[in-house]
Structure formats: C-alpha cells, structure tokens
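Here's the structure, in structure tokens; my notes come after.
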2 protein chains.
Amino acid sequence: MVAYTLSDDEVDRIFKALADRTRRDIVRRTLIAEASISELAKDYEMSFAAVQKHVAVLEAADLVARTPRGRERIILGNPEAIRRAQQLLGQYETIWRGRIDRLDALLAEDPPTPGN
Amino acid sequence: MVAYTLSDDEVDRIFKALADRTRRDIVRRTLIAEASISELAKDYEMSFAAVQKHVAVLEAADLVARTPRGRERIILGNPEAIRRAQQLLGQYETIWRGRIDRLDALLAEDPPTPGN
DNA sequence: TTAATATGAAACCAAATGGTTGCATATACT
DNA sequence: AGTATATGCAACCATTTGGTTTCATATTAA
C-alpha cells in the first residue's frame, strides 16, 4: 500500500472541490459512468459555463479527468483521489486513537494521591 | 453500525471547514488534546480573532466542540464528525466499484458480433 | 478594587467563489 | 458550404471568505 503525501495546497483543493453539492454530484455521476460536459450540464439548473467551471475545479483537484473525444470533453471520476482524501481523514482517526490510548494510560497509573 | 444521513448543507459545511490548512491543524491538535482558543492562537501567524473565526467554522461543522471553563473556551476535536466524512467518501468508493462491476459484466458477455 | 487575560462581536477590506452573458473556435451534420 | 453543437474563455457581478482592528464584557489574579 503506497502512502501518498499530499501537499497542503493539494488537500485544500480536494476538500474545497468537495465542498459544493453540484461538484459532489458530478463526481458521483462520473464515477458511475463517463459523461460529456454538456450531458452533465443538462441536469443542473445553471448555465453550461457554470458547470464547465465546476468541472475545472474538480479537474484541478484531480477528482475527475477530462479527455477530448471529437468536439466533446469526456469527464471521468478518479477514484484514486477519493481514496487519498479518505486516507487523509483516516490519519485523523489515528491521531484521535492516540489520545484515547494516552487517556487509558493515565487511568491505568497509580490512582492520584493528595501528596502526588 | 449506524448510518448517518447528512444533509447537503451539513456536508458542505464539513468539507468547507476541512478545506483550510489552519482549520485542519486545529482539528488535528484538538484531537490530540484539548486547548483553549488563546492556546491555539499562539501558534498561528494571525490574530486571535482570526483563529476565533476558524474555530467557529469548525464548530458549525461539528468538527470540534467548545466548552466554557472559567473565562476560557476549551476546544476539543470530534472524531465522530471525521468518521462521518470518511464514510461519505467511502460511499463514492462503493459507487465506483459498481461501475467496475458493470464493466466486468459487459466484458463477460458474448463477444460483440458485427450483427449485434 | 484594579489590572490582566480570554473571549465575543462588529465594522471594514481584499480576494476568492459561484453565478451570469457574450463571443470565438472546433467539430460534426446535411 | 453552411448550420448546429460542444467547448473555451473573458468580462462582469453579488456574496462569501479570511483576514484585520477596535471595543465591550466576563473572569481571574494581585
């Protein structure tokens, strides 16, 4: 299992990209099946250009890939980026478990005495 | 295992809160050990008020809890919120696996014939 | 009681965000 | 060749974000 090290900038981009429901929906859809930008755009109540911008944000975060096919641009979700974000959150879980371990250690020590 | 259902607004708040390196550091630190806002603020190159605002963003996303203790406010990271975010990303993984299964099914079908 | 500390909250500011419209260009269809 | 479609990109706009400073209030310490 390779451990990816993401820079602060990369992590910023990933979470910022995921912090918008339209973008999360695009990720979800393009993980299910590829779609062109105009196919995606049909289903949102906003302009084509707005959807295009959302896709650009996702691509900058490497959450989707954009491949030309004729006059279209095919968007495909990138499960690897999602996995990296998940691993990142997993590290916080590990940190927290460390705190619990330390608390347990404290409680396992000699019970506190007035003179201690 | 209880499945939490987060509203779009809640998910927006969580990822937006995590999309800032100072806030991620505050989460990390307060998962390790509780800290007052001023203790946190000492270690960042910004005003106390700025750190106070970051804590407010994290609290709104339920990523930390703020408990009064005397004149201080003690900040403690909330591992449950992190876990929920992780589960959310896990759902995307599941979605993606569905695509792979469908692709496998396609490949397992009768090989394509010109007349098909 | 007075001084110091910790927080809260408001007003302000520059930059980023999320949307728009309009126009240019590339590709496909007839 | 001419038209329709898909995209890219720029300019613009309102709102949000991430910072600041300032002032008020609550609590602790001397």
Side-chain angles (χ1 to χ4, degrees), chain A residues 7-30 33-77 85, chain B residues 7-30 33-77 85:
Chain A
S7 71
D8 282 345
D9 281 337
E10 287 170 321
V11 178
D12 282 2
R13 275 194 293 272
I14 291 173
F15 284 128
K16 223 166 259 175
L18 290 172
D20 178 282
R21 63 200 67 186
T22 302
R23 287 197 292 262
R24 284 194 300 275
D25 195 60
I26 292 174
V27 168
R28 186 188 58 76
R29 289 176 61 182
T30 58
E34 60 179 33
S36 70
I37 304 182
S38 35
E39 281 170 351
L40 292 172
K42 270 178 217 138
D43 297 326
Y44 305 108
E45 289 186 338
M46 65 184 71
S47 67
F48 172 85
V51 174
Q52 206 178 13
K53 280 201 203 176
H54 281 309
V55 170
V57 170
L58 289 170
E59 196 193 10
D62 200 30
L63 284 163
V64 305
R66 209 168 94 272
T67 314
R69 177 183 303 167
R71 64 182 152 182
E72 297 179 320
R73 296 298 179 276
I74 300 301
I75 311 302
L76 192 51
Chain B
S7 71
D8 282 347
D9 281 339
E10 287 170 321
V11 179
D12 282 3
R13 274 194 293 271
I14 290 173
F15 284 128
K16 223 166 261 175
L18 290 172
D20 178 283
R21 62 201 66 186
T22 302
R23 288 197 290 262
R24 284 194 301 275
D25 196 61
I26 291 174
V27 168
R28 186 188 58 76
R29 288 177 61 182
T30 58
E34 61 179 32
S36 70
I37 304 182
S38 34
E39 280 169 351
L40 292 172
K42 269 178 218 140
D43 296 327
Y44 304 107
E45 289 187 338
M46 64 185 72
S47 68
F48 172 85
V51 174
Q52 206 178 12
K53 279 200 201 176
H54 281 307
V55 169
V57 170
L58 290 170
E59 195 193 9
D62 199 31
L63 283 163
V64 304
R66 209 168 94 271
T67 315
R69 178 183 304 165
R71 65 183 151 181
E72 295 179 319
R73 296 298 178 275
I74 300 302
I75 312 302
L76 192 51

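Letters A, B, ... mirror the listed sequences (proteins, then strands); counts begin at 1.
For B:Phe15 and C:dT17, the CZ to C1' distance is 18 Å, given to the nearest whole Å. The NZ atom of A:Lys16 sits 9 Å away from the P atom of C:dG18 (whole-angstrom rounding). Atoms CG (B:Asp12) and C1' (C:dG18) sit 12 Å apart, rounded to a whole Å. Between A:Glu39 atom CD and D:dA6 atom P there is a gap of 9 Å when expressed in whole angstrom units. Here the C1' atom of nucleotide C:dT17 and the CZ atom of A:Arg21 are 15 Å apart, to the nearest Å. Summarising the geometry, the separation between CG on B:Asp20 and P on C:dA15 is reported as 18 Å, rounded to the nearest angstrom. Atom NE2 in A:His54 sits roughly 6 Å away from atom P in C:dG18 (whole-Å rounding). Taking atom CZ of residue A:Arg13 and atom C1' of nucleotide C:dT17, one finds them 16 Å apart after rounding to whole Å.
Mapping B:Ala49 and B:Val57 onto DNA chain D by nearest heavy atom places B:Val57 closer to the 5' end of the strand. Each of A:Gly70 and B:Lys42 lies near DNA chain C, and the nucleotide nearest B:Lys42 is the one positioned closer to the 5' end.
In this structure, A:Lys16 does not pair ionically with B:Asp20, as no charged nitrogen and carboxylate oxygen lie closer than 4.0 Å. A salt bridge is defined here as a Lys NZ or Arg NE, NH1 or NH2 lying under 4.0 Å from an Asp or Glu carboxylate O, and B:Arg69 with B:Glu34 meets this definition. In summary, B:Arg29 and B:Asp43 engage in a salt bridge, as defined by a charged side-chain N under 4.0 Å from a carboxylate O.
For B:Gln52, the side-chain atoms get nearest to C:dT7 when compared with the rest of C:dT20, D:dA6, C:dT7. Distance from the side chain of A:Phe48 is smallest to D:dT7 among D:dT20, C:dT17, D:dT7. When distances run from any side-chain atom of B:Ala50 to the nucleotides D:dG19, C:dT7, D:dT21, the shortest one goes to D:dG19.
The residue B:Arg66 sits close only to the backbone: its heavy atoms come under 4.0 Å of sugar-phosphate atoms, none of a base. Counting non-hydrogen atoms under 4.0 angstrom, A:Lys53 reaches a base of the nucleic acid. Nucleic acid contact class of A:Ser36 (heavy atoms, under 4.0 Å, all strands): sugar-phosphate only. Residue contacts for B:Ser47: at a heavy-atom cut-off of 4.0 Å it reaches a base atom on one of the strands shown. Using a 4.0 Å heavy-atom cutoff across all strands shown, A:Arg23 reaches sugar-phosphate atoms only and no base atom.
With hydrogens and angles ignored, no donor-acceptor pair closer than 3.5 Å exists between the side chain of A:Arg73 and the base of D:dT7. Below the 3.5 angstrom threshold, one finds no donor paired with an acceptor across the side chain of B:Arg71 and the base of C:dT7.
Taking side-chain N and O atoms only, B:Ser38 has no distance below 4.0 Å to OP1 or OP2 of C:dT5.
Residues B:Val51 and B:Thr22 fail the side-chain proximity criterion, which asks for heavy atoms closer than 4.5 Å.
With hydrogens and angles disregarded, no donor-acceptor distance shorter than 3.5 Å links the side chain of B:Arg66 to the backbone of B:Arg73.
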Using salt bridge (charged side-chain N to carboxylate O under 4.0 Å, His left out), reason through B:Asp62 and B:Arg13 one step at a time and then give a plain yes or no.
CA-CA 9 Å; B:Asp62 199 31; B:Arg13 274 194 293 271; over 6 Å; no
